[in-house]
Number of protein chains: 2
Amino acid sequence: MDEETDAIRQNRLPERMVDAADRRLLGALVEDATVSYAELGEKAGLSAPAAHERVKRMRRSGAIRQTVAMADPKALGKPLLAFVHVDTRGWGKTPELMAVSSFPEVEEIHTVAGDACLLLKVRTEDTRALEGLLARLYDTPGVTSTRSYVVLSTYLERPVQPGITQDWPAPKHMARPLY
Amino acid sequence: MDEETDAIRQNRLPERMVDAADRRLLGALVEDATVSYAELGEKAGLSAPAAHERVKRMRRSGAIRQTVAMADPKALGKPLLAFVHVDTRGWGKTPELMAVSSFPEVEEIHTVAGDACLLLKVRTEDTRALEGLLARLYDTPGVTSTRSYVVLSTYLERPVQPGITQDWPAPKHMARPLY
DNA sequence: ATATTCTCCGAATGAAGTTCAGCTTCAACG
DNA sequence: CGTTGAAGCTGAACTTCATTCGGAGAATAT
């Protein structure tokens, strides 16, 4: 008992596996997080307090990273979506990554295996703003070349889907910024 | 008055611009959608009913597409993230796109300007499952070649950020599937 | 200047989130 | 084999929040 509270304080949670009932809850919450716990429990075959308890645990363990509103980029004045492949030399140091992640247009940053080093997902007001972003990229030390893929139309955009019939371990660590 | 209710029935909403207060609300909701309306209003300098009213309007107009829980892909047994560029001949017809969008591993589908036709974001259990997805892609009529970028590590992954000091028109149509 | 529309606030109501005590199941252990 | 402890669920009680309503103020149009 004492070691568990101790583990919680140290942010190392000995949380449970994500079981079938948890995945049913996740499936509903990934579709719409505004439903009541009563309705949520009904869908998962649980009472409201039980559903609440499990969701709270999943938030704690990091199985549910966050609950957010998805804003329409057009309503925020950023209708242009593009993927940018960045070739670099001497990456791996965090300062450059932090510089790029501070650009407000950048939505995702990944390092990938393939003929590019970095892969960015960016949203801007127009092509002119995209050019401005590219200019700032080239000003970042280490960047050698970029390749842009401007999105013409989007056919699908959805959260991670559950739907695997197997149980998986909860993530080891709490969700936190990666740098 | 009558024409407005008529317009609502026909799904053509004559909604307002998204102003500075709306953007403050969006900024908070994009970070965390579990806050109370009282707290939300406090952050935006409004009372709880006013904040509630504006959020409701933004949901109606489509400025807020949906409110969802972000599940940790690892907790769902899909730790592998990859971007797949797909070259095709004779696209543009929806049936093929619907076939691809029915794959549960596929999270996003975009058509892009550049040396690829389609750009997919996919999550799978492992590289073997990724190969299986590629095989299903090649079985889809029209696909000629694919290029995969397996993500080694992710440094940033966040929702669309507000923060532009200008007002923008609300989206013209309600958010709905694109095909 | 008057009417109209729009948005806001404060109070009241209703519905939801949250806690609690007690019951059941299951596994560990003497 | 019986006992003990932990974990999970349920229904009821409690508390907080979402939601509605009436009225006041500002801005715009007539």
Side-chain angles (χ1 to χ4, degrees), chain A residues 1-9 12-64 66-69 75 167-170, chain B residues 1-8 12-61 63-64 66-69 75 167-170:
Chain A
M1 174 66 87
D2 199 3
E3 41 187 271
E4 179 169 345
T5 56
D6 201 34
I8 289 174
R9 285 205 196 86
R12 297 176 295 98
L13 293 174
E15 295 285 348
R16 262 202 358 198
M17 301 267 284
V18 175
D19 66 6
D22 287 330
R23 253 180 295 104
R24 285 198 297 275
L25 293 171
L26 267 179
L29 285 178
V30 157
E31 295 290 329
D32 181 8
T34 65
V35 297
S36 67
Y37 284 108
E39 196 172 340
L40 204 58
E42 196 172 355
K43 285 182 181 174
L46 297 169
S47 69
H52 179 240
E53 177 75 17
R54 295 178 89 113
V55 169
K56 208 166 61 177
R57 178 177 37 226
M58 286 195 285
R59 286 195 212 277
R60 214 173 37 226
S61 73
I64 295 177
Q66 47 183 355
T67 301
V68 298
D167 288 359
W168 299 92
Chain B
M1 178 62 91
D2 199 2
E3 42 187 88
E4 178 168 346
T5 55
D6 202 32
I8 290 175
R12 297 176 295 98
L13 292 173
E15 295 285 352
R16 260 203 358 197
M17 303 267 283
V18 175
D19 67 5
D22 287 331
R23 252 179 297 104
R24 285 197 297 273
L25 293 172
L26 268 178
L29 285 178
V30 156
E31 295 290 328
D32 181 7
T34 64
V35 296
S36 68
Y37 283 107
E39 197 172 339
L40 203 59
E42 196 172 355
K43 285 182 181 175
L46 296 170
S47 69
H52 179 242
E53 177 76 15
R54 297 178 89 111
V55 169
K56 207 166 62 177
R57 178 177 39 227
M58 287 195 284
R59 286 193 211 278
R60 215 174 37 225
S61 73
I64 295 177
Q66 49 183 353
T67 301
V68 298
D167 288 1
W168 299 92

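By convention in this document, chain letters (A, B, ...) are assigned in the order of the sequence lines, proteins followed by strands, and residues within each chain are numbered from 1.
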Student: Does a salt bridge link A:Arg24 with A:Asp19, judged by any charged N lying under 4.0 Å from a carboxylate O?
Tutor: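 Looking at A:Asp19 together with A:Arg24, the answer is no, because their closest N to O distance does not fall below 4.0 Å.
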Student: Between CG of A:Leu25 and CG of A:Leu40, what distance do you get to the nearest 0.5 Å?
Tutor: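 Those atoms lie 5.0 Å apart.
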Student: Report the nucleotide, chosen from D:dC9, D:dA18, C:dG17, that has the shortest atom-to-atom distance to any side-chain atom of A:Tyr37.
Tutor: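 Closest of the options to the side chain of A:Tyr37: C:dG17.
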Student: I need the CE-P distance between A:Met17 and D:dA7, as an integer number of Å.
Tutor: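 Rounded to the whole Å, the gap is 17 Å.
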Student: For D:dT20 and B:Lys56 - does any side-chain N or O of the residue sit under 4.0 Å from the phosphate oxygens OP1/OP2?
Tutor: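 For D:dT20, OP1 or OP2 has a side-chain N or O of B:Lys56 closer than 4.0 Å.
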Student: Heavy atoms only: give me the nearest A:Leu46-A:Arg54 pair and the separation to one decimal.
Tutor: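 In terms of heavy atoms, the two residues are closest at CD1-CD, 3.5 Å.
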Student: Go through C:dG17, D:dT20, D:dA18 for me and flag the one nearest to the B:Pro49 side chain.
Tutor: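 Among the listed nucleotides, the one closest to the side chain of B:Pro49 is D:dT20.
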Student: Given atom CG of B:Leu25 and atom P of C:dT7, what is their separation to the nearest angstrom?
Tutor: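 Answer to the nearest Å: 14 Å.
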Student: Could you check how far CD of A:Glu53 sits from P of C:dG17, rounded to whole Å?
Tutor: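 Taking atom P of C:dG17 as the reference, CD of A:Glu53 is at 15 Å.
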Student: Measuring from the side chain of A:Ser47 (C-beta onward, heavy atoms only), which nucleotide among C:dC8, D:dT10, C:dT7 has the closest atom?
Tutor: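 Looking only at heavy atoms from C-beta outward on A:Ser47, the closest nucleotide is D:dT10.
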Student: Nearest whole Å is fine: how far is D:dT10 P from A:Leu46 CG?
Tutor: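 Whole-Å distance recorded here is 6 Å.
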Student: If you check every side-chain atom of A:Arg54, which of C:dT7, D:dG8, C:dC8 has the closest atom?
Tutor: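 The nucleotide sitting nearest to the side chain is D:dG8.
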Student: Whole angstroms only, please: what is the CG-P distance between A:Leu40 and D:dC9?
Tutor: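 Distance check: A:Leu40 CG to D:dC9 P gives 13 Å.
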Student: Would you kindly give the CZ-to-C1' distance between B:Arg24 and C:dC8, to the nearest whole Å?
Tutor: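 Spelled out: CZ on B:Arg24 to C1' on C:dC8 is 14 Å.
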Student: Does A:His52 put a side-chain nitrogen or oxygen below 4.0 Å from OP1 or OP2 of C:dG17?
Tutor: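 No, no such contact exists.
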Student: In terms of side-chain heavy atoms, does B:Thr67 have a donor or acceptor partner in B:Arg59 at a distance below 3.5 Å?
Tutor: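 Yes, a side-chain donor-acceptor pair sits under 3.5 Å.
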Student: Whole angstrom is fine here: how far is it from CZ in A:Arg57 over to P in C:dT18?
Tutor: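 After rounding, the gap between these two atoms is 16 Å.
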